[in-house]
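What follows is one structure encoded as structure tokens, with my remarks underneath.
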Amino acid sequence: MARLVNSIFFTFLYISFIYTLSPFVNATTSQSDIQVLVAIKTSIDPFSITPDSFLSSWDFNLDPCEITGASFLGILCTVPDQVDTNATSRIIEIDLEGDGLEGFLTSSIGNLTELVSLNLGRNKFRGPVPESITNLRKLTSLQLYENFFSGSLVDDIGVLTKLETLDVSNNRLSGSIPSSITSLRSLTRLDLSNNELTGKFPQLNGLWQLSSFDISNNQIYGNLPQFPLKIKTLSLSHNLLSGHITPVHKLRHLSTLDLSDNRFSGGINKGIFMLSELSHVNVSVNRFTVFEVVEFSDKKSQLHTLDVHANRLHGHLPVNLVTYPNLTEINLGHNLFSGEIPLEYWSRLGFSWRSLNLEYNNLEGSVPRELNRTLEGVQGSFEHNCLICPKGLQLCHGQRTASECHGGDHN
């Protein structure tokens, strides 16, 4: 309580000082922009402004855009027109990333109408993102990640048509994704992950420049929409999404796909494996029942990591996995696979394959003795199957008993 009273008292004194001083400052910086900078600083708990933070260098005895050196760090300005003697400098960038600042983002931020980039990431801002942020029509980068912003994402965010990067991840934002977001046609990176967003996807195919989309760790439900075709990274994990994943098959430039911990069903089929640029696939912890792996022989696949664990996949293990030359990490555990482990797997394990998880399936048959010599440095597990393992093979420890294996599926 004492800290709060002190904070309010010092803030009041600071505001009084600034407004007393400002008429005497012969600034080349727009006075309205200076007032916004004052409002930003006075919206921050002064006890959170450390000596090495950029904000501590904001000295309003000086002109923000005219000063050089160690004052007004984190600020970039326009250069006024030399011909027009009445021209003023405007703030075009504010970067206070990682300063540990506590407070609110003032609504007067919307008066910085020349602002191109705003980065307040990795601080402790709380409260809503001001609606006035939609006045920043020249903004190309808005980064508010790793704060405590709450409330809904601004409904009219779509008016910021020049945005190329929007990152509000790791906050406490709630409500649905605004439908106006589809108007952000210049957007290349969109990160809404680790919030409390809910509802269904709006239409996203209007974001035709988008290459990275992350909405993991929210409460988004429903089926997948049609995605922009330029997407390279798609992270939708830890939501409530359901249905089939066929919209992903059209994403020819996709390199990273994470659909883990949702409610998807049907098949992980050959459409995924036809994406030649795909290197990392995680579709674990879903309700898939079918696993179709196409033989990849006509052109080189980039597939490096494959994780399909904790689904309901059945049938024999796919032999065609050995046709993927860059594959090194495979997790097929916690499914309903049965039959013997393909002989082709053994020639890969310990050489190109550095990690193989097959635990908690219904696999049977003998594991070759020679593996004891080739598995140095290999990670994974074959435990809780019905395998006959050579003595001392660590990956094979913990098989089911004969009584558990008799009768087939006990998974």
Checking the side chain of [X] only, and the main-chain atoms of [Y] only, is there a donor and an acceptor separated by less than 3.5 Å?
X	Y	value
D307	H309	yes
N194	S169	no
N239	I220	yes
N135	I133	no
S216	S237	no
N147	N171	no
N195	L173	yes
N123	L101	yes
T256	H280	no

Residue pair [X] / [Y]: nearest heavy atoms and the distance that separates them:
X	Y	value
E383	H397	CB-O, 3.0 Å
S260	N286	CA-ND2, 3.9 Å
I181	P202	CG2-CG, 4.1 Å
K250	Q226	NZ-OE1, 3.2 Å
L395	G380	CD2-O, 3.0 Å
I109	L136	O-CD2, 3.4 Å

Looking just at side-chain N and O atoms, do [X] and [Y] make a donor-acceptor pair shorter than 3.5 Å?
X	Y	result
S279	H304	no
D63	T29	yes
H249	N269	yes
R137	T161	no
N170	R122	no

- Quick one: sort the Y324 and F273 rings into parallel, tilted or perpendicular, breaks at 30° and 60°.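 Judged by the thresholds at 30° and 60°, the geometry between Y324 and F273 is perpendicular.
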- If the plane angle is over 60° it's perpendicular, under 30° parallel, otherwise tilted; pick one for H334 and Y360. parallel
- Aromatic contact, F201 with Y221 (centres under 6.0 Å):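 So the answer is no for these two rings.
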- side chain to side chain donor-acceptor pair (under 3.5 Å) partner of R189, the single match among T165, D167, T233, D214: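 Output: one option passes, namely D167.
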Roughly how far apart are [X] [atom1] and [Y] [atom2], rounded to 0.5 Å?
X	Y	atom1	atom2	answer
R287	F264	CZ	CZ	11.5 Å
L306	L278	CG	CG	9.0 Å
I91	I40	CD1	CD1	8.5 Å
L332	F291	CG	CZ	6.0 Å

- Carboxylate-amine/guanidinium contact E196 R172, below 4.0 Å: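 Judged by the 4.0 Å cut-off on N to carboxylate O distance, E196 and R172 do not form a salt bridge.
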- Task: With sequence neighbours excluded, tell me which residues meet side chain to side chain donor-acceptor pair (under 3.5 Å) with T50.
- Result: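 T50 satisfies side chain to side chain donor-acceptor pair (under 3.5 Å) with D52 once adjacent residues are dropped.
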- Looking at residues at least two apart in the chain, or sitting in another chain, which of them share a ring pair (Phe, Tyr, Trp, His ring centres under 6.0 Å) with Y345? W353
- Contact list for residues 258-272, test salt bridge (Lys or Arg N to Asp or Glu O under 4.0 Å), sequence neighbours left out: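 Listed once each, the pairs would be none.
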